[in-house]
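Take a look at the structure set out below.
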Amino acid sequence: MTTPLRVRFAPSPTGSLHVGGARTALFNWLAARHAKGTFILRMEDTDRERSTPESEAEILRVLQWLGLDWDEGPFRQSDRDDLYRDCIGRLKEAGAVYAAWETAEELDAMRAEARANKQAPVVRGRRDWTADEIAGFEAEGRTPVWRFAVPLPGETAIEDMIRGTVTYDHAQIEDFVVARSDGTPTYNLAAAVDDMDMGINRVIRGEDHLSNTPKQMLVIRALGAEPPQYAHVPLILGTDKKRLSKRHGAASVEELEADGFLPQPVRNALVLLGWSYDDKTTTFTLEELIEKFDVTRVSKSPAVFDLKKLEVMSGRYLRALDPDAFADDLMGFLESSGYLADKGDGAADLAHRSAPLVQRKLSRLNEYDRLAGWMFHPLEFEDDAWAFLAGDVKHAIQSVGGGLGRIEVLDEFTVDNIKDALSDQLHVLGMTAREFLEPQRIAITGTTISTGIYESLELIGRDEAVARYRSTLGRLAESWQGGDA
RNA sequence: GGCGCAUUCGUCUAGGGGCCUAGGACGCUGCCCUCUCACGGCGGUAACACGGGUUCAAAUCCCGUAUGCGCUACCA
């Protein structure tokens, strides 16, 4: 009978959730759901300086946006001080830690000397202070830190689920601080105690924690417990192969959301960073991920985060959506991003009706404006669009005028009728499709990239369409007279 | 400097001694489709970091080198 899996995601609330953190959260969540275990959320806010409630709230919000619900928590280390103090007390009683009175200068000197001698720069505090010396320190108001007495000689081996056995010689591990001079616990103490106290039996976290692991294992064992299983996942890099950070752009999930990516493709892209199911499958539904995810299949080497690939996945996902579902997602994005806010009364309705026209053209929801933004304001020409018309004004007038002549007399202003009418005119003029149709697009949208021409015409209606055509013709005429006459 | 981890197409990866003249995906690129852009379809391009071993046989195992990254705090 195996014990139920208990995993946790333990971010420090010192900023928004990064792609790397999000992937770690995803891996943990998937492991929990796969095994029908428990996913616990814990805020590691022992750094009082940098931790903020805003950051915590943002992380929670993003986790929910990603669909990663937690079963227990969020716990905060700042609420658990009694537990840590109790454990530190137990370590003192067991003689596993000792008071260290060295000053920062003495420590620096110690490490500098070791480094100069090409030795590991580890601190081993003095443990033979005399009662007089201690009394002296206390008289000055000095308080000691408590260091873990790393057993020497010795070694600690991590049986990592991803990397195999990784062994650390205790000679390389310094007597790390577990309690600061103000009595508060350090990360290595708090994390170890929490994992133990919360019954975490598998720790899935970034490789940057690999070197800390033996310290935490030592603490847990000194407290009389067995360490959990560990799985250290490789880091995520930016395109320059450096650890992913803000300067790589769109490195936070918050930014991805703002850029118009939906949770599903983001999850899909994230999970494939370091994990694969086989040599072919590249898209998974959430259910498939839960069913197939296995942390032992996570690769050992770091992965570069490629926004372009996310974009491709996102585009495919959007196109495959049921039209109604797509419209809902689009409207949700447009509303939450405030896009519709200053667009007037009919904007939401117009946007909703335009959804089918953009569905197969977008890879990100925030590309909507590029494609359909023209609908929300009076006709104005983008430079390259105007250049297309102005390049051959006579031809442009012929095309636009020809188009106008056909559509203004249409009884029923439907896509089919519009298409027939314009196709017919195209043949009458004997132009190529691009020669004739591109001016129609520009005449009503003012841009060269937009929703489809016939659909766009139908959407705005004959009156608006005719008005835009005339406006375009007017400007073309001005240009003609002022031009090469 | 010390210790640790890693290294397959530009990128994400499959592969775990013979199935590999190394597979897939994205990118890039050629062609087709076509009422712009896009979408879609069919091809192509491109990799086992290097050097030694072990073995009948190595991308796969071992050693070394190089490179990258991580840790090296009274940060997490």
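Letters go in sequence order (proteins before strands), and every chain restarts at 1.
Within 4.0 Å (heavy atoms only), Arg316(A) reaches sugar-phosphate atoms of the nucleic acid but no base atom. At a threshold of 4.0 angstrom between heavy atoms, the contacts of Thr448(A) include nucleobase atoms, whether or not backbone atoms are also involved. Nucleic acid contact class of Arg50(A) (heavy atoms, under 4.0 Å, all strands): base. Contact annotation for Arg297(A): backbone-only contact, meaning every heavy-atom pair under 4.0 Å involves sugar-phosphate atoms and none involves a base. Among the atoms of the strands shown, only primed sugar atoms or phosphate atoms (P, OP1, OP2) are found under 4.0 Å from some heavy atom of Thr46(A).
In this structure, U11(B) forms a base pair with A25(B), meeting either the Watson-Crick or the G-U wobble geometry with both donor-acceptor distances under 3.5 Å. Applying the Watson-Crick and G-U wobble criteria (two distances, each under 3.5 Å), U67(B) pairs with A6(B). Remark: C31(B) base-pairs with G41(B). Criterion, Watson-Crick or G-U wobble with two distances under 3.5 Å. Under the Watson-Crick and G-U wobble criteria, each requiring two contacts below 3.5 Å, nucleotide C75(B) is left unpaired. Under the Watson-Crick or G-U wobble criterion, with both distances below 3.5 Å, C61(B) is paired with G53(B).
Shown for residues 386-403 of chain A: no residue has heavy atoms falling under 4.0 angstrom of RNA chain B.
In this structure, Ile449(A) and Ala114(A) both approach RNA chain B, and ranking their closest nucleotides by distance from the 5' end singles out Ala114(A).
Taking the side chain of Thr186(A) as heavy atoms from C-beta on, and the options G27(B), C71(B), A76(B), the nearest nucleotide is A76(B).
At the phosphate of C74(B), OP1 or OP2 sits under 4.0 Å from a side-chain N or O atom of Arg147(A).
Annotation: cation-pi geometry not satisfied between Arg468(A) and Trp374(A) (NZ/CZ under 6.0 angstrom from ring centroid, within 45° of ring axis).
Nucleotides U60(B) and G17(B) have their P atoms positioned 11 Å apart, rounded to a whole Å. When the C1' atom is used for both C28(B) and U45(B), the distance is 8 Å, rounded to whole Å. A gap of 29 Å separates the P atoms of G64(B) and A47(B), to the nearest Å. For the P atoms, the distance from U54(B) to C3(B) is 29 Å, rounded to whole Å.
Thr414(A) and Asp416(A) are not linked by any side-chain donor-acceptor pair at a separation below 3.5 angstrom, with hydrogens and angles left out of the test.
The CZ atom of Phe326(A) sits 11.5 Å away from atom OH of Tyr317(A), with the distance rounded to the nearest 0.5 Å.
Using a 30° and 60° split on the angle between ring planes, Tyr368(A) and Phe376(A) fall in the tilted class, from 30° to 60°.
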